[in-house]
Amino acid sequence: MSAIIRRIKGMKRSTRVAIIIGLIAAFTAFISSNYHTSDRAEAAGDGYLLKRQPAELCGGCHNLPIHNTTNTSPKYGTWGGNFTCLTCHQPHNTTNIYLVAPVIATPNSGNKNVSFQDVTIGDSNTTNHLSFVNSAAGSNTQGVCQVCHTQTAGNGTQRWRNTGNGDASHYQAGGPNGTQACINCHLHKNAFAKESKGGMDCSTCHADIFNPLNGTTGYHHYLNNAGVSNLASGSKYPVINQPATLGNTTDANRRCLMCHADHDIFRPDINSSNTTGRSANLRTDISALPSTTANYTNTDFLNSGNGGVCLSCHQSSQTKSYTQPDSTTATPVIATTPSVFNASAHQYTVPSTFATDSSTFNANCSKCHNDNMNPKSSVESSGLGESGSANKFGLHQSTLRRIEATLGITSPTDPLEEQFCYRCHSKTTDTGTNMPAKTVANKDWYGVANMSGKSEAIYSIFNTKTYKHPVNTISGIHKPGDGSAYNDGSLTGTNRHAECEDCHNPHAAEATTALYGVSGVTISNPTTQFTDLTSSNYTYASNASVTATQSDGTTKINLDYKLCLKCHSNWAYGASSNAPNPTPSASWQQTNMAMEFNINNYSYHYVEGNISTAAALPSNGSGCNSYGPNAGSTQIPRASTSYGNFNTTYVGVMEPTLAGLTDTQRRAAKLRCSSCHGIDGASSGTTPEGPHGSAYAFILKVPSGSSYTTWNNSVSAYSGNVWCFNCHDPNNFTNFSNTGTGFSGMMWGNLHYLHSYSHNRACQYCHVAIPHGWKRYRFIRFEDCESAPYVGKTGGLSSGIIWATSGTWSESYCHGQGAVGSCG
């Protein structure tokens, strides 16, 4: 080295200068090539003695992506390929904290002046207070986020272009003085893309959803936070096994991600494993951790695992995090297993199309439970989400209990109750207050699921029939779990009510078994006949659906008495003395039907229990303690299998399971409460089963075309309209020679004919007015022993009767003993 220096010193001065300059250039090139530009080719310098590329200079400290097509979206074509940090930033001689350049060279609009004085809000035209965007037009539009924009749009109008803004609603309510700062949602770390790439607090963009859910007004799933920080489990997702239990308002698990998958999972442009599309934004299960390949889906119900995200919590009762406006503090059990709901008539999906990628969300639970936020979120109103679909779903904030869907009700008021059910269970010609008709016949309100004529007739029945359960006249009383304890007050007094859900479980009811899954009571009958039941005789049944085999050994009947006795027995109101009146104007009380249908009674219609077991009859005393010809022995069964034929024209309409049976089989077959109580005009076609409503008192069921319509204290066989003849053959009572009724004499033949048809004596002269079950043989009542409501007719048979068996009755057995009062 010293020799080289000595040699250079001996050269001319001009030569020495040239050599030194060459050495410096070579050294500079070496350093730049090997250290500053890494493995890329040497580029021209900029004269600032800095690394050659701005990305190298800025990126050494700021790991942020460039705002261009590659990092955002190609919606508006390819752009920004030559953008660098210095496109928008100027590192020296700026007057703002973000080093935003005062002039930006835009792709299509030339150089544009930029003013940037406010980092907290968006649209501000105040002098010296400009910010990210402003609504001024032309050259006065100086927001750094809009000076380049010439195509941005939303809701069909221009949005924050450099010629002005036509979409004033875009996040207008977000900030204290106007539109919130653009970077609150369009993050620099996401290249200012329009949404999160995951890992971003949900409230940043979805404050309009999160804020109400963080409060305690209205009805919603309470959210404690919108964060994505890791929980104790090490995941940002709550993972809670069944039976899932969430805590109160301080439970950090109460976050958006307890139901939803994050953006890095449901965005196909980020997660290539997601072939369903953006609609797959729900978790499959609160017990399963979402990943890019599993445990997220585009529906809210799955017939597997825990049943989808909704059932993964609602298989068990959840304590609500706050007392809701209807005073409820816990949720009901929706379905014990997914298979229960899967078999229900309400298990079907309604599609919703995402505008951004045309993917489909299949709403199952949320077709019925849908918030009344409008729009569902500000993101939706901006052209994202479901804005392109006729059906929009969300389970967020609602003014209606249970977050019930309004289903087109124009001015919904809480509670919807039967109005909600009517939206599907009606015809296209049915309209009501604030309730437009549905648009597709024989379909549900959405026009998706098939509806039978029977199911569509429900609205008409409750709105046209004179006698019905009062679903339309009582409101706001029903609560989930009503009647789950003996005489708990929820079904009596001022709480006496009947709503659709008192008789039907919408999450379990099947098309062929409408009562499946509804609650009721199981009866342990007192062995003493016609004895009032106490609490020890009842057991609550969460599923009161009972199936029995008829006497032909094949036909199945779905019984309903366990449901009916939940309201029409002491279970609801304690002692029979506390029973309510059937109507406010009635002078008599309802009766304990559990006492009446007791199979230890002397006579009854066979609704409950098992008639194949012998039971001891009461000792037959005299007077009011006189019970029947075989008292003191045993009788199998108490309901007759010996006497009486049936009206084959109508008996199969009254109780369809009797249609194909012989008379002998019918005498030993079971009945339902709905065998006798139901609609007038009943048929096997378009009228539903069940005591919804009727034109006749006591909601009596009458087949279409039948003239047998009346049961009161004046009807007789002679009058021709005895309601009982819909099942019992009128020939039993109108034919003198027919002795098969169990009431005939040695010389008088058919005594029913003699008294009822020949002398026009009312049935209730001798028989009780409530023919459910009775303490005497063949429903016979004594005028001097009983009172209303069992005695419906003044006068008639008294307790001096002498019992006889069929064929041996004589006039003196009744008339000769003073046992007949003023019969006529």
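Keep in mind the model is a prediction, meaning the values are calculated, not measured. All residue numbers in this chain count up from 1 along the given sequence.
- Checked against a 6.0 Å centroid threshold, the rings of Tyr322 and His220 count as neighbours.
- Panel note: side chain Arg255, backbone Lys236; a donor-acceptor pair is recorded below 3.5 Å.
- Using a distance-only test at 3.5 Å, with no hydrogens or angles considered, a donor-acceptor pair links the side chain of Lys376 to the main chain of Asp371.
- Distance check, rounded to the nearest 0.5 Å: CG of Leu407 to SG of Cys424 gives 6.0 Å.
- No more than 12 heavy atoms of other residues, nucleotides or ligands lie within 6.0 Å of CG in Asn93, so this atom counts as exposed by the packing criterion.
- Side-chain atoms of Lys367 and Asn364 include a donor-acceptor pair closer than 3.5 Å.
- Taking the side chain as every heavy atom from C-beta outward, Asn225 and Arg254 never approach each other to under 4.5 Å.
- When all heavy atoms of Asn224 and Asn214 are compared, the closest pair comes out as O-ND2, 3.4 Å.
- Taking 4.5 Å as the limit, some side-chain heavy atom of Ile409 sits within range of a side-chain heavy atom of Leu416.
- Judged purely by atom type and a 3.5 angstrom limit, Asn271 has no side-chain atom pairing as donor or acceptor with the backbone of Phe266.
- The closest side-chain heavy-atom distance from Phe132 to Trp160 is not below 4.5 Å.
- Using modelled atom types and a 3.5 Å distance limit, the side chains of Ser115 and Gln142 yield a donor-acceptor pair.
- Closest of all the heavy-atom pairs between Leu86 and Pro91 is CD2-CD, 3.7 Å.
- When side chains are defined from C-beta on, Cys256 counts as touching Leu223, because their heavy atoms get closer than 4.5 Å.
- Within the 4.5 Å cutoff, the side chain of Pro436 has heavy atoms near those of the Thr410 side chain.
- Partner Ser109 forms a side-chain hydrogen bond (donor to acceptor under 3.5 Å, both in side chains) with one of Asn162, Thr141, Thr150 and no other, that one being Asn162.
- Remark: the backbone N or O of Thr323 is not paired with any side-chain donor or acceptor of Thr329 at under 3.5 angstrom.
- For Asp118 and Ser124, the side-chain atoms include no donor-acceptor pair closer than 3.5 Å.
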Are Arg278 and Asp357 close enough, and set up right, to give a salt bridge (charged side-chain N to carboxylate O under 4.0 Å, His left out), and what steps lead you there?
CA-CA 7 Å; Arg278 297 173 63 90; Asp357 64 353; 5.1 Å; no
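- In this structure a side-chain-to-backbone donor-acceptor pair under 3.5 Å is missing from His396 to Ile209.
- Residues Lys392 and Asn370 bring no donor and acceptor atom of their side chains to less than 3.5 Å of each other.
- A donor-acceptor pair is defined here as one N or O able to donate and one able to accept, closer than 3.5 Å; such a pair exists between the side chain of His89 and the backbone of Tyr98.
- Side-chain contact check for Thr328 and Lys320: at least one donor-acceptor pair (N or O, by modelled atom type) lies under 3.5 Å.
- With Asn295 contributing its side chain and Arg283 its backbone, the two residues share no donor-acceptor pair below 3.5 Å.
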Is there a side-chain hydrogen bond (donor to acceptor under 3.5 Å, both in side chains) between Asp123 and Asn134? Walk through the geometry before answering.
CA-CA 4 Å; Asp123 187 16; Asn134 64 76; over 6 Å; no
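- In this structure, Arg159 and Asn165 have side chains that are in contact, with non-hydrogen atoms separated by less than 4.5 Å.
- Under the 3.5 Å distance criterion, the side-chain polar atoms of Ser398 are left unmatched by any main-chain donor or acceptor of Ile403.
- At a threshold of 4.0 Å, the pair Lys197-Asp264 does not count as salt-bridged, since none of the basic side-chain nitrogens sits closer than that to a carboxylate oxygen.
- Residues Asn298 and Thr276 bring no donor and acceptor atom of their side chains to less than 3.5 Å of each other.
- One side chain, Asp444 or Tyr348, offers a donor N or O that lies under 3.5 Å from an acceptor on the other.
- A donor and an acceptor atom, one from each side chain of Thr353 and Ser389, are nowhere located under 3.5 Å apart.
- In this structure the side chain of Trp79 never reaches within 4.5 angstrom of the side chain of Thr70, judged on heavy atoms.
- When every heavy atom of Pro268 is checked against every heavy atom of Gly277, the shortest pair comes out as CG-CA, 3.7 Å.
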